[in-house]
Enquirer: 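Quick one: structure below, then a few questions.
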Amino acid sequence: MSGAGVRRVLAAASALALAAVLAACGSSSGSGSGSTLIFADVAPFSGVDAALGPIYLVSCTGTTQAINKAGGILGHKVACKPVDTRGEPADAVPAVGSLLSTTPNLALVIGCTSDEAASVVPVLNQHKTVMFCMTGQSEFDHVKFPYFYRLVPPDLAESYAMTVIAKDLGYQRIALAFGNDIGSQTFVQPAVAAIAKAGLKLVANETLDEHATTFRTEAAKIVAAHPDAIMTEALGNADPTLFAEIKQLNGGHMIPIVGTSALISPAFYAAAAKAIGAATFSKIFHADNLVTATSGPAYNAFTSALLAVKNSHLPGEQTGNFSTYFSAPGAVHLYDGMTLAALAMVAAHSTDVAKWKPWIVSIGDGVPGAVVVNSFAQGVAELRAGKKIRYVGPGGPTVFDAFHDSPGIFQIDTYSATGTVVVAGNISAAQLRSVIP
Amino acid sequence: VSLLVESVGFGLITAAVLSIAAVGFTLQFAVTNVLNLAFAAVMTGGAFITYAVNQAGGSVWLGVLAAMAAGAAISVLLNYLVYAPFQARGAAPITLVIVSLGMALIIEFGIGAWTGGIGVSYTMSQGSTVRLGGLVLTTVQLLIMAISVVVMASVHGLLRYTKLGKAMRATAANRMLARNCGIRASRVIGLTWALTGALSGLAGTVFAIDVGTFTSTSTDIFLILILAAVFLGGPGNAYGAMLGGVVIGVATEVSAAYLQADYKYVIAFVILLAMLAVRPSGLLGARA
């Protein structure tokens, strides 16, 4: 059995044991008056995906400060707690176990990326903890976890979106270069199928060991295949290192890149720009991303919340262009998830999860006669006025299905030479359907 | 054929870095009797010292000197404060291995806490691209190979032609007998920690130059390659470590060219296991 296989078995065994213990212990049923509610950021803060947790923490800290500034939730202040999963299922389960046993006022979990979702979602669900997860794994499309919510699309939809971008830009010969972690590998098979459906040619398919320090031979194979573009997601140092080596081996010319939405982050931009030069990177890079607001009241409330925590020296906070957070999926959609959860508690007049959970969908999707609100403060004011509300945040309106998935629609993002995210276009539903195998 | 030539060239760059580290590691093990798994963490420390110098406006090459000094100091302190007290109390070799593993984690996480766990790069030019046959190398990569050759030659000169080198070989072969012959073994051991620590700092910096972007945990997988090179060549044998570094470096890159690339480190260990099955003492035999 491989190391990853052993880790998966250990994680599954640990998860089962932990779930059994937690089932015996029961679940949270509301917090004492005036106590601080905790939003836990369960995500990698170390390991190859270490960039993810800090993005969510910036969003969490900004959101909770905005909630506190508006009076908190039913008299409770809200605070964030980072929980490092190291991006490994076997590390994530004990980390979540520790979180659950030491955090009596745990109100919400955010994060839960594809690295650890499969192992921690059942545990959190068993504990009746509402979670807004950033996983794209397709198993959550059809397995029901009542406490699981997702505002991002399944990974295969991102693979289709990347294929549409490549086709739209006129690229015919495609190379794939995805990391060997769970989250990145889920893109590969849908991408292979979509490339074939779109009539494009797959000329190379390299799997990058994200713990490796160089990818020279992989880069040489890609260059030798003469692709028009490379579709990729290999987080940590892997992609920037690969880009630098491709540029070196390709006579100083960089091959165009089509990335996933995970590559929209300050840390990734900084590393990639350093590797091949900001001007070059900004010219050759495109990524799919969910459509998010770039102006308007929801966007203004969101950016104000995040800007309030700029230079707060949060754990793992990344240097680079801070405005990149305004387009980072983890920052936008988790902000929406946290705001939705907070408004649900206020609407339910309770922090008892059994009472407020049903309000998530009704406030997100709206009910007849609901007033649209774009921030926590605005929502609380309308609720106090006795009105029904529908929250529409910077990530746009939600449409939850039976599995609590609310996949949005895609846009095409690029970076400017200073690292600001620029929207280059949109992907229509028809375009997406045209490449679905 | 072109891919084969390219991958051999890439393997030689990896081998250049690996050999410097493997020689330092194996010399340290041979003379001090400590299989120091914190070696790669000290390398990381050296890489970040150079980064600090570079960020302060100094050149990377100036940083190399600082990294070597820091590597030597950290290694001497590690021995003085941690390993030597354990050895004095009769700790078994496997105990020291576990202690060194703990030190590796402490150093790595300490660096991570200092740097924030974010990937960093040196501000330096990679130089112009040079084409040699089917190889495409930068001048910096050629320089790394040159540094490695100089280090290998220097280690050879040290071990063969200097009093310290001979004393190191004698202490490695039989510490008690060396003492009886008038060699001040404890002093030799202290100097060995300093010397191999300096090699560790140097290896860390050339590693960081080679990979471009690095973090506090970047050398984790590299430690595995160091161990493979050392045991392939014959543990404790400096020349074996040089040879092991070349074999492992080239094998990983060539295998990546023809097999699934993310299995390249697995291939290195298949070679190691096959070699040890045929020749358990490694390519160049028993400890020097």
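The sequence lines fix the lettering, A, B, ..., with proteins before strands; numbering per chain opens at 1. Quantities reported herein were computed from a predicted structural model and do not represent experimental measurements.
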Enquirer: Residues two or more places apart in sequence or in another chain: which of them pass salt bridge (Lys or Arg N to Asp or Glu O under 4.0 Å) with A:Arg86?
Expert: A:Asp91

Enquirer: In this structure, which one of B:Lys264, B:Glu6, B:Glu253 forms a side-chain hydrogen bond (donor to acceptor under 3.5 Å, both in side chains) with A:Thr217?
Expert: B:Glu253

Enquirer: Please classify the contact of A:Ala212 with chain B as side chain, backbone, both or neither, using a heavy-atom distance under 4.5 Å.
Expert: both

Enquirer: Regarding B:Asp220 and B:Thr217, is there a side-chain donor-to-acceptor distance under 3.5 Å anywhere?
Expert: no

Enquirer: Using a 6.0 Å cut-off, check whether atom OH of B:Tyr263 has over 12 heavy atoms from anything other than its own residue.
Expert: no

Enquirer: Any chance the side chains of B:Ser121 and B:Thr213 put a donor and an acceptor closer than 3.5 Å?
Expert: yes

Enquirer: Say whether A:Glu116 and A:Thr113, considering side chains only, have a donor N or O and an acceptor N or O under 3.5 Å apart.
Expert: yes

Enquirer: Return the orientation label for the B:Phe25 and B:Phe39 ring planes: parallel under 30°, perpendicular over 60°, tilted otherwise.
Expert: perpendicular

Enquirer: Between B:Ala257, B:Ser7, B:Ser218, B:Gly9, which residue shows the highest count of heavy-atom pairs closer than 4.5 Å to chain A?
Expert: B:Ala257

Enquirer: Among residues 231-239 of chain A, which residues come closer than 4.5 Å to chain B, judged by heavy atom distances?
Expert: A:Asn237

Enquirer: So which part of B:Gln260 gets closer than 4.5 Å to some heavy atom of chain A, the side chain, the backbone, both or neither?
Expert: side chain

Enquirer: Are B:Ser216 and B:Glu108 close enough that a side-chain donor and a side-chain acceptor fall under 3.5 Å?
Expert: no

Enquirer: Relative to chain A, which segment of B:Thr252 carries a heavy atom at a distance below 4.5 Å: side chain, backbone, both, or neither?
Expert: neither

Enquirer: Does the B:Thr115 side chain pair with the main chain of B:Ile111, one donor and one acceptor, at a distance under 3.5 Å?
Expert: yes

Enquirer: Out of A:Thr241, A:Thr213, A:Thr214, return the one with the most heavy atom pairs under 4.5 angstrom to chain B.
Expert: A:Thr213

Enquirer: Would you please name every residue forming a ring-ring contact (aromatic ring centres under 6.0 Å, His included) with B:Phe48, sequence neighbours left out?
Expert: B:Phe214

Enquirer: Which residue out of B:Gln126, B:Gln141, B:Arg131 racks up the most heavy-atom pairs below 4.5 Å with chain A?
Expert: B:Gln141

Enquirer: Could you pull out all residues at least two apart from A:Ser59 that satisfy side-chain hydrogen bond (donor to acceptor under 3.5 Å, both in side chains)?
Expert: none

Enquirer: Please classify the contact of A:Gln248 with chain B as side chain, backbone, both or neither, using a heavy-atom distance under 4.5 Å.
Expert: both

Enquirer: Is it the side chain or the backbone of A:Lys274 that comes within 4.5 Å of chain B heavy atoms, both, or neither?
Expert: side chain

Enquirer: If you count heavy-atom pairs under 4.5 Å with chain B, which of A:Asn205, A:Asn180, A:Leu249 comes out on top?
Expert: A:Leu249

Enquirer: Which bit of A:Ser46 is near chain B, if near means a heavy-atom gap under 4.5 Å: side chain, backbone, both or neither?
Expert: neither

